[in-house]
Amino acid sequence: MGEFLTRGGTPWTPDYLLSIDEKLCIGCGRCFKVCTRGVMELMGVNDDGELCDPFDEDEDIERKIMIVKNAGDCIGCGSCEKVCGTNAQKHGAEGLAA
């Protein structure tokens with residue numbers, strides 16, 4: 001991967017969203033709101049611990065969490081990490097293969 005620079009010429013390393021710990025995530029949606037790239041999606045967790053539609057009224061939803069849906073769209077800005085109150089996200093410089 002090549003070196004990235006800010007507009008001012010300062011070196012910058014993207015900090016990509018790699019994963020979200022579903023045990024720590026509380027599904028507040030703050031990370032979703034600041035992400036301009038549609039990287040995450042809100043999901044429900046049912047009684048069996050399976051992911052499901054969070055708005056399905058026929059499903060017994062225990063709680064809601066965010067998941068990484070479109071990892072390849074992440075630009076590594078770190079905005080989602082800054083607003084996460086539970087530190088549920090793992091970030092790193094590892095990009096996806098081109």
Side-chain angles (χ1 to χ4, degrees):
M1 181 178 346
E3 183 177 298
F4 295 97
L5 301 174
T6 65
R7 285 178 73 182
T10 306
W12 176 70
T13 302
D15 203 19
Y16 300 109
L17 176 60
L18 303 175
S19 63
I20 300 173
D21 186 333
E22 66 180 56
K23 292 180 178 134
L24 294 176
C25 180
I26 60 172
C28 68
R30 289 162 54 184
C31 56
F32 180 82
K33 290 176 185 174
V34 299
C35 181
T36 63
R37 308 287 299 167
V39 174
M40 295 157 278
E41 179 178 31
L42 182 67
M43 295 296 293
V45 179
N46 66 17
D47 291 339
D48 298 324
E50 299 168 339
L51 295 178
C52 60
D53 180 347
F55 306 108
D56 185 350
E57 294 180 12
D58 295 331
E59 195 72 62
D60 284 332
I61 297 173
E62 291 281 310
R63 61 195 197 99
K64 296 177 182 178
I65 61 169
M66 298 304 297
I67 63 163
V68 179
K69 181 178 181 186
N70 301 307
D73 290 341
C74 180
I75 60 172
C77 69
S79 293
C80 58
E81 182 177 29
K82 288 178 180 79
V83 299
C84 182
T86 64
N87 296 317
Q89 302 174 359
K90 179 181 177 191
H91 289 77
E94 307 94 45
L96 297 175

From C84 atom SG to I26 atom CD1, the distance as rounded to the nearest 0.5 Å:
8.0 Å
Could you give the distance from SG (C52) to CG (D47), rounded to the nearest 0.5 Å?
9.0 Å
Identify the two heavy atoms, one from T86 and one from L24, that lie closest to each other, and give their separation to 0.1 Å.
OG1-O, 3.2 Å
Interatomic distance, C25 atom SG to M43 atom CE [nearest 0.5 angstrom]:
12.0 Å
So, taking the atom named CG in N87 and the one named CG in D21, what distance separates them when rounded to the nearest 0.5 Å?
10.5 Å
Nearest 0.5 Å please: distance from the CG atom of L17 over to the CE atom of M66.
9.5 Å
Separation between SG (C35) and CD1 (I75), nearest 0.5 Å, reads 8.0 Å
Less than 4.5 Å apart, side chain to side chain, heavy atoms only: is that true for V39 and V68?
yes
Name all residues meeting the side-chain contact (heavy atoms from CB on, under 4.5 Å) criterion together with T10; count only those two or more places apart in sequence or in a different chain, and write none if there are none.
T6
For residues 59-68, which residue pairs pass the side chain to side chain donor-acceptor pair (under 3.5 Å) check, not counting sequence neighbours?
N46-E59
All heavy atoms of P14 vs all of F4, minimum pair found to be CD-CD1, 3.5 Å
Looking at H91 and D15, what are the two nearest heavy atoms and their distance?
CD2-O, 3.3 Å
Which atom pair, heavy atoms only, marks the closest approach of M40 to Q89?
SD-NE2, 4.2 Å
List the atom of L51, the atom of V45, and the distance in Å for their closest heavy-atom pair.
CD2-CG2, 4.1 Å
Got a donor-acceptor contact below 3.5 angstrom from the N70 side chain to the G38 backbone?
yes
